[in-house]
2 protein chains.
Amino acid sequence: MNGKWKILILKELIRGPVRFGLLNKAIPLISSKVLTQQLKELEKDGLIIRTVYAEVPARVEYNLSEMGTSMLAILTEMRKWGLHNDSLHPVKCSYCQQCEPLNKA
Amino acid sequence: MNGKWKILILKELIRGPVRFGLLNKAIPLISSKVLTQQLKELEKDGLIIRTVYAEVPARVEYNLSEMGTSMLAILTEMRKWGLHNDSLHPVKCSYCQQCEPLNKA
DNA sequence: CTGTATCCTAGCCGATACTG
DNA sequence: CAGTATCGGCTAGGATACAG
């Protein structure tokens with residue numbers, strides 16, 4: 001699981017299905033090229049699921065797979081341990097906003 | 001916490017103080033240069049403690065710090081999740097050997 | 001035994017432009 | 001909207017030799 005942005009991506013996906021463009025907005029510093037790359041790798045690793053809707057304009061949504069969801073336990077442990085990986089992140093992800101009270105404790 | 005071998009190193013240190021050479025034997029595919037590098041970073045991050053004994057020949061031992069020990073929770077979660085990082089590892093580390101029964105369950 | 005010092009390479013990552 | 005294509009820089013990590 002290398003990949004500079006993967007943990008951030010997974011954290012964004014916690015709130016549910018997210019479209020490509022929204023992901024890119026949520027993580028502005030990532031280029032679409034790299035975002036695509038890392039999403040593909042996450043999909044190949046079985047962590048996320050890619051769903052294409054036959055619409056115009058195109059619409060693609062990404063979900064956590066069951067395996068990806070089960071990885072939340074790791075993220076939770078990391079959070080307890082103080083590892084937030086937010087140094088890279090210009091804006092707070094929804095996950096972190098939710099967990100803020102926990103951080104303070 | 002980037003570093004290809006760091007999780008492996010931490011897992012080796014679970015069993016207690018380990019010398020440089022033993023670490024290098026336990027993880028044969030790592031070069032001493034990279035091992036040194038990653039150990040230094042782990043030390044700087046406060047995860048491990050380096051102890052030098054004024055002996056000849058030189059003897060250096062590495063321990064998990066309290067912070068490093070607290071990281072075991074993450075490793076445990078990773079284990080549950082199936083992430084062993086053993087694809088890289090030619091031989092089973094002591095941690096994995098101990099946890100084998102758990103793996104089967 | 002425990003590292004350094006060099007040199008070198010693969011591949012990650014960023015920027016930009018372009019496509020169905 | 002959701003990506004590809006292309007180019008290019010940087011650096012983590014590998015090989016090897018050497019040092020205290």
Side-chain angles (χ1 to χ4, degrees), chain A residues 1-13 15-45 47-64 83 85-91, chain B residues 1-13 15-45 47-64 85-91 93:
Chain A
M1 257 280 299
N2 46 340
K4 181 171 175 181
W5 306 95
K6 283 186 185 167
I7 292 183
L8 238 37
I9 293 171
L10 290 176
K11 277 156 83 175
E12 289 301 327
L13 294 187
R15 50 179 155 180
V18 185
R19 301 180 58 165
F20 183 88
L22 193 56
L23 263 178
N24 216 153
K25 252 193 233 329
I27 313 175
L29 293 183
I30 196 173
S31 70
S32 64
K33 190 199 90 174
V34 174
L35 179 54
T36 305
Q37 275 178 1
Q38 313 234 336
L39 285 170
K40 269 185 185 155
E41 287 180 37
L42 286 170
E43 192 193 4
K44 206 182 60 174
D45 292 344
L47 293 178
I48 66 174
I49 295 167
R50 181 174 182 270
T51 313
V52 185
Y53 296 90
E55 303 176 355
V56 179
R59 177 168 141 237
V60 178
E61 281 185 354
Y62 294 90
N63 295 282
L64 287 181
L83 219 188
N85 267 80
D86 287 332
S87 48
L88 297 164
H89 208 210
V91 295
Chain B
M1 254 281 297
N2 45 341
K4 181 169 173 180
W5 306 95
K6 283 185 185 166
I7 293 183
L8 238 37
I9 293 171
L10 291 176
K11 275 156 84 175
E12 288 300 326
L13 293 185
R15 49 179 157 182
V18 184
R19 303 180 56 165
F20 182 88
L22 194 55
L23 263 179
N24 216 153
K25 254 194 233 324
I27 313 176
L29 293 183
I30 196 173
S31 71
S32 63
K33 191 200 91 172
V34 174
L35 180 53
T36 305
Q37 276 178 0
Q38 313 234 335
L39 284 170
K40 269 186 185 156
E41 288 179 36
L42 286 169
E43 192 193 5
K44 207 182 60 176
D45 292 343
L47 293 178
I48 65 174
I49 294 166
R50 180 174 182 270
T51 313
V52 185
Y53 296 90
E55 303 176 356
V56 178
R59 176 170 142 236
V60 179
E61 282 184 353
Y62 294 91
N63 294 283
L64 287 182
N85 268 80
D86 286 331
S87 48
L88 298 163
H89 207 212
V91 295
C93 69

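Just so we're on the same page: letters track the sequence lines, and every chain starts at 1.
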How many Å lie between [atom1] on [X] and [atom2] on [N], as a whole number?
X	N	atom1	atom2	value
B:Lys25	C:dC1	NZ	C1'	10 Å
B:Leu39	C:dG3	CG	P	8 Å
B:Arg19	C:dG3	CZ	P	10 Å

To the nearest 0.5 Å, what is the distance between [atom1] ([X]) and [atom2] ([Y])?
X	Y	atom1	atom2	answer
B:Lys44	B:Leu42	NZ	CG	11.0 Å
A:Ile27	A:Lys11	CD1	NZ	9.5 Å
A:Glu12	A:Asn24	CD	CG	11.0 Å
B:Leu47	B:Asn63	CG	CG	13.0 Å

Quiz item: Taking for each residue the nucleotide of DNA chain D bearing the nearest heavy atom, is the 5' side occupied by A:Thr36 or by A:Pro57?
Solution: A:Pro57
For residues 31-40 of chain A, please give each side-chain donor-acceptor pair under 3.5 Å, one per line with the distance, not counting sequence neighbours.
residue : atom : partner : partner atom : Å
A:Ser31 : OG   : A:Val34 : N            : 3.3
A:Thr36 : OG1  : A:Ser32 : O            : 2.7
A:Gln38 : OE1  : A:Trp5  : N            : 3.3

Quiz item: Between C:dG3 and B:Arg50, is there an OP1 or OP2 to side-chain N/O distance shorter than 4.0 Å?
Solution: yes
Quiz prompt | Watson-Crick and G-U pairing of DNA chain C written in dot-bracket, each distance under 3.5 angstrom, with | for inter-strand partners | solution = ||||||||||||||||||||
Quiz item: When we call it a touch if two heavy atoms are under 4.0 Å apart, what does A:Tyr62 touch: a base, just sugar-phosphate, or nothing?
Solution: sugar-phosphate
Exercise. Name all residues meeting the salt bridge (Lys or Arg N to Asp or Glu O under 4.0 Å) criterion together with A:Glu41; count only those two or more places apart in sequence or in a different chain, and write none if there are none.
Key: A:Lys6
Quiz item: So where does chain B start and stop touching DNA chain D, 5' to 3', when the test is distance under 4.0 Å to a non-hydrogen atom?
Solution: D:dG13 to D:dA15
Quiz item: Do A:Ile48 and A:Leu13 touch side chain to side chain, with heavy atoms closer than 4.5 Å?
Solution: yes
Quiz item: How does each nucleotide of nucleotides 11-20 of chain C score, in 5' to 3' order, for protein heavy atoms under 4.0 Å: base (B), sugar-phosphate only (S), or none (-)?
Solution: --BBB-----
Give every donor-acceptor pair under 3.5 Å between a side-chain atom in residues 49-58 of chain A and any protein atom, sequence neighbours left out.
residue : atom : partner : partner atom : Å
A:Arg50 : NE   : A:Tyr62 : OH           : 3.3
A:Tyr53 : OH   : A:Glu61 : OE1          : 3.4
A:Glu55 : OE1  : A:Arg59 : NH1          : 3.3
A:Glu55 : OE2  : A:Arg59 : NH1          : 2.6

